[in-house]
Amino acid sequence: MECRPGCGACCVAPSISSPIPGMPQGKPAGVRCVQLDAAGRCRIFGQPGRPAVCSSLRPSAQMCGDGRAHAMRWLAWLEQATA
């Protein structure tokens, strides 16, 4: 499965504890990553400064469901389940 254009749920819903360029302390859950552009794409995709957790998160039917709202709910659930 490929990312849906404009979704960006994986760049908003989960917390990221490792440094991100522009967010040296990482980011809390529910906060938009500064590297997410207006079109919902990662500005540092494929670059070495991208956190490993971002690189390991891949779109799937279970996570993405039928749209961004489903992905936000699923990722929020995952965030709570792994806290």
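The chain is numbered in sequence order, starting from 1. Because the structure is predicted, anything quoted here is derived from the model rather than measured.
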Just how far is it from atom CD1 of I20 to atom CZ of R43, taken to the nearest 0.5 Å? 12.5 Å
Measuring from atom CZ of R50 to atom OG of S18, what distance do you get when rounded to the nearest 0.5 angstrom? 11.0 Å
Search all heavy atoms of R32 against all heavy atoms of D37 and return the closest pair with its distance. NH2-O, 2.9 Å
Would you kindly confirm whether V31 and V34 end up in one hydrophobic cluster when ILVMFWY residues are joined by side chain heavy atoms under 4.5 Å apart? yes
For A71 and C7, which heavy atoms make the closest approach, and how far apart are they? CB-SG, 4.5 Å
In terms of heavy-atom contacts, P14 and A9 come closest through CD-O, 3.7 Å
Can you find a heavy atom in the side chain of P21 that is under 4.5 Å from one in the side chain of Q35? yes
Rounded to the nearest 0.5 Å, the SG atom of C11 sits from the NZ atom of K27 at a distance of 8.0 Å
Got a donor-acceptor contact below 3.5 angstrom from the R58 side chain to the M1 backbone? no
I16, I44: one ILVMFWY side-chain cluster at the under-4.5 Å cut-off? yes
Test item: L78 and M63 side chains (from C-beta on) under 4.5 Å apart, heavy atoms: no
State whether the number of non-hydrogen atoms from other residues, nucleotides or ligands found under 6.0 Å of R68 atom CZ is greater than 12. yes
Spatial distance of atom OG (S17) from atom CD (Q25) [nearest 0.5 Å]: 11.0 Å
Side chain of R4, backbone of C64: donor and acceptor closer than 3.5 Å? yes
Is L57 linked to L36 within one hydrophobic cluster, defined over Ile, Leu, Val, Met, Phe, Trp and Tyr using a side-chain heavy-atom separation of less than 4.5 Å? no
